[in-house]
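In what follows, every heavy atom counts, from backbone to side chain, and hydrogens, waters and symmetry copies are set aside. Letters A, B, ... are given to chains in the order of the sequence lines, protein chains preceding strands, and every chain is numbered from 1.
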2 protein chains.
Amino acid sequence: MVSIKAVADRAGVSIASVSRVINGTVARKETELRVRTAIKELGYQPNSAARALKIRQSEQICLSFDDLANPAYVAMTRGVGQALAETKYRLILASAFSSVEEIVKHLETMGRGFADGLIISPIYADKRIAKLISHLQIPVVLVGTMPVGLNVDNVYVDSAIGIGLGVDHLKATNRKRIGLVNGPIDTNPGRRRRLAFESAMKEMGLKYSEESVIQADAFSISGGYEAVSKFRNLDKFDGLICGNDQIAAGVLKYCYENGIAIPGDLALIGIDNIDLASILHPTLTSIDLHSEKRGEIAAQLMLERLADPARPIQKINVKPTLVIRESTAA
Amino acid sequence: MVSIKAVADRAGVSIASVSRVINGTVARKETELRVRTAIKELGYQPNSAARALKIRQSEQICLSFDDLANPAYVAMTRGVGQALAETKYRLILASAFSSVEEIVKHLETMGRGFADGLIISPIYADKRIAKLISHLQIPVVLVGTMPVGLNVDNVYVDSAIGIGLGVDHLKATNRKRIGLVNGPIDTNPGRRRRLAFESAMKEMGLKYSEESVIQADAFSISGGYEAVSKFRNLDKFDGLICGNDQIAAGVLKYCYENGIAIPGDLALIGIDNIDLASILHPTLTSIDLHSEKRGEIAAQLMLERLADPARPIQKINVKPTLVIRESTAA
DNA sequence: TCTCAAACTGTAATCGTTTACAGTGACGTC
DNA sequence: GACGTCACTGTAAACGATTACAGTTTGAGA
């Protein structure tokens with residue numbers, strides 16, 4: 001392993017000078033040249049562990065979420081990655097397919113200093129998570145619903161508004177018997193979307209009851225498919241909002257197999273507006289929650305926080321938008 | 001920051017004893033108890049930079065590929081993550097949406113010791129990449145086609161066999177005018193799949209020419225859609241193999257919009273067998289390249305290599321399989 | 001030529017661990 | 001009671017960088 005000492009010897013200077021050249025502080029032209037030549041000749045690269053130990057920074061930022069199989073999180077990752085690309089920070093991905101237990105385990109190891117900051121988008125509504133986050137020594141940016149009692153930088157999208165847009169659109173296209181195919185209720189999005197749906201329905205004077213909600217046990221294609229398979233009597237509804245686009249895809253598949261015409265018999269709306277939405281038959285109307293943009297903003301907040309630890313806490317609100325496609329045609 | 005010194009003071013022992021307790025070597029019962037209590041009381045976590053510096057290991061493994069938007073790579077990431085979950089290694093994701101330039105940049109910084117091993121699945125066929133990899137000081141496992149001149153642990157799937165399965169199946173279901181909608185030709189999969197297609201066609205005595213190949217400029221839905229939109233006269237073919245499932249989805253969309261019946265007028269086969277394949281209408285026959293399994297094997301190879309740096313180089317071959325669905329019904 | 005400030009450079013301490021080695025004490029044996 | 005062994009513990013030296021601080025060189029001005 002070629003260390004800073006080897007470079008110093010080769011260039012005939014002290015290690016301090018080498019370090020100074022690397023970090024771009026004072027150095028005579030000739031010294032700099034000799035050091036740079038030595039570095040090139042030896043193929044030297046500074047050891048990041050030693051550097052991290054000394055400067056007390058790892059120059060790594062950790063991104064943590066629970067479902068990489070969900071394209072919305074992939075998009076978020078892309079956003080974070082882009083914002084970090086031109087900085088000194090590397091992106092670490094942690095616990096991308098995890099259960100609550102795994103997240104807790106991961107959070108517990110975050111104190112080891114291998115990351116300078118944590119961007120987290122927890123879907124599970126578990127109390128331990130909020131507690132662990134609040135005890136972290138490094139800056140945290142939370143994407144999504146802020147748990148009670150926690151106060152960190154935050155970027156969120158008001159799903160109530162999003163669901164409102166959806167219900168509104170269905171009502172405007174003359175649907176009256178509207179239901180929700182919700183994702184798991186022990187998750188933040190699941191809980192929030194259900195509440196938002198209820199209040200949107202009541203607000204618009206539409207009939208709402210417990211039976212308006214079909215419960216899927218995962219935010220996935222098969223989750224959606226199986227939920228409506230079990231439920232069966234979809235003719236109760238003439239419009240459905242789904243927990244996300246994948247659930248909607250599952251519902252769509254079921255409808256196709258069972259002769260339910262979309263949008264003829266039933267209008268369908270998804271959430272997230274992933275690529276899938278535009279290639280389904282019919283193409284899927286979707287509430288876009290702008291995941292990539294939220295990732296980008298989260299990374300931006302993190303960079304600003306790292307640059308100025310004392311700045312006031314920021315909460316950024318991203319507006320959902322409705323993308324209308326064939327699945328809700330009148 | 002609470003360090004090992006603080007723990008030692010609290011427990012009334014030396015830092016060496018604390019370290020020994022943590023790393024599970026000799027210690028008297030009472031000493032161990034006092035140390036563990038002190039650790040708990042102070043909430044101590046060992047600093048990973050200091051540890052990495054001393055033991056010359058970062059306990060991080062880097063996974064590098066170029067297109068996280070492709071679910072096949074997400075599956076691979078899941079495989080790697082699972083295999084690493086119960087080990088001491090953390091998974092870092094690098095350059096997940098990258099150009100050749102970015103990969104080169106990343107590879108150049110791999111010498112800094114922030115990862116103990118690199119699992120890489122490069123799609124671009126660029127000579128610099130092979131060269132940089134061969135100069136790396138850490139173990140590398142390559143997933144995919146091995147560039148010439150490189151010799152590292154490798155897990156690959158013989159796409160020739162996969163394409164062969166596809167062509168075979170199309171021939172068996174009475175298709176004669178078979179084409180390929182290929183991905184970009186400057187990528188490894190693109191190049192390999194084209195060659196494999198050509199030889200499979202010739203071997204089976206089917207007509208092949210330059211015009212049998214439609215070139216898409218990305219392994220994506222829009223890549224497939226635009227390629228066939230530009231090409232137009234799809235009636236030349238009665239069977240198409242697509243560079244991956246997303247390209248196939250794009251082709252399918254075009255066919256739907258232009259009244260080409262699948263599988264009536266045209267049979268369609270994708271590659272990768274991602275979730276999407278089973279929810280398209282019609283469902284898509286696909287050549288499964290077992291990405292998740294390859295990721296798992298790659299991680300396994302890496303762990304074995306790290307445990308025994310001297311062991312002979314392994315090359316593991318994963319067999320592709322054909323999943324037949326509606327899009328190729330006779 | 002001499003002086004002094006400015007510009008640069010080197011020495012050495014430090015970051016938080018791990019670990020070789022030496023030291024301590026308990027205990028069984030003669 | 002002396003001694004050897006064994007089990008454990010502490011001291012101190014690394015690992016490879018950064019950075020005060022002190023020391024040295026340089027060059028301008030007198």
Any B:R51 side-chain N or O less than 4.0 Å from OP1/OP2 of C:dT18: yes
Short side-chain N/O contact to C:dG10 OP1/OP2 from A:S17, under 4.0 Å: yes
Separation of C:dG16 P from B:D9 CG (nearest whole Å): 13 Å
Integer-rounded Å distance: C:dT18 C1' and B:I15 CD1: 9 Å
Phosphate contact (D:dT18 OP1 or OP2) by A:S19 side-chain N/O below 4.0 Å: yes
Phosphate OP1/OP2 of D:dG10 contacted by B:S14 side-chain N/O (<4.0 Å): yes
Distance-only donor-acceptor test, A:R20 side-chain atoms vs C:dG10 base atoms, 3.5 Å: yes
Residue pair B:S58 / B:D116, side-chain donor-acceptor N/O under 3.5 Å: yes
Side-chain touch A:M110/A:L118, heavy atoms, less than 4.5 angstrom: yes
Qualifying residue, where the test is salt bridge (Lys or Arg N to Asp or Glu O under 4.0 Å) with A:E32 and the options are A:K29, A:R34, A:R36: A:R36
Presence of B:R56 side-chain N/O under 4.0 Å of D:dG16 phosphate oxygens OP1/OP2: yes
Comparing B:R28 and B:K54 on DNA chain D - which has the more 5′ nearest nucleotide: B:R28
Distance test, side-chain N/O of A:N47 to OP1/OP2 of D:dC15, below 4.0 Å: no
B:R51 versus B:N23, side-chain donor and acceptor atoms under 3.5 Å: yes
Interatomic distance where NZ belongs to B:K5 and C1' belongs to D:dT11 [whole Å]: 13 Å
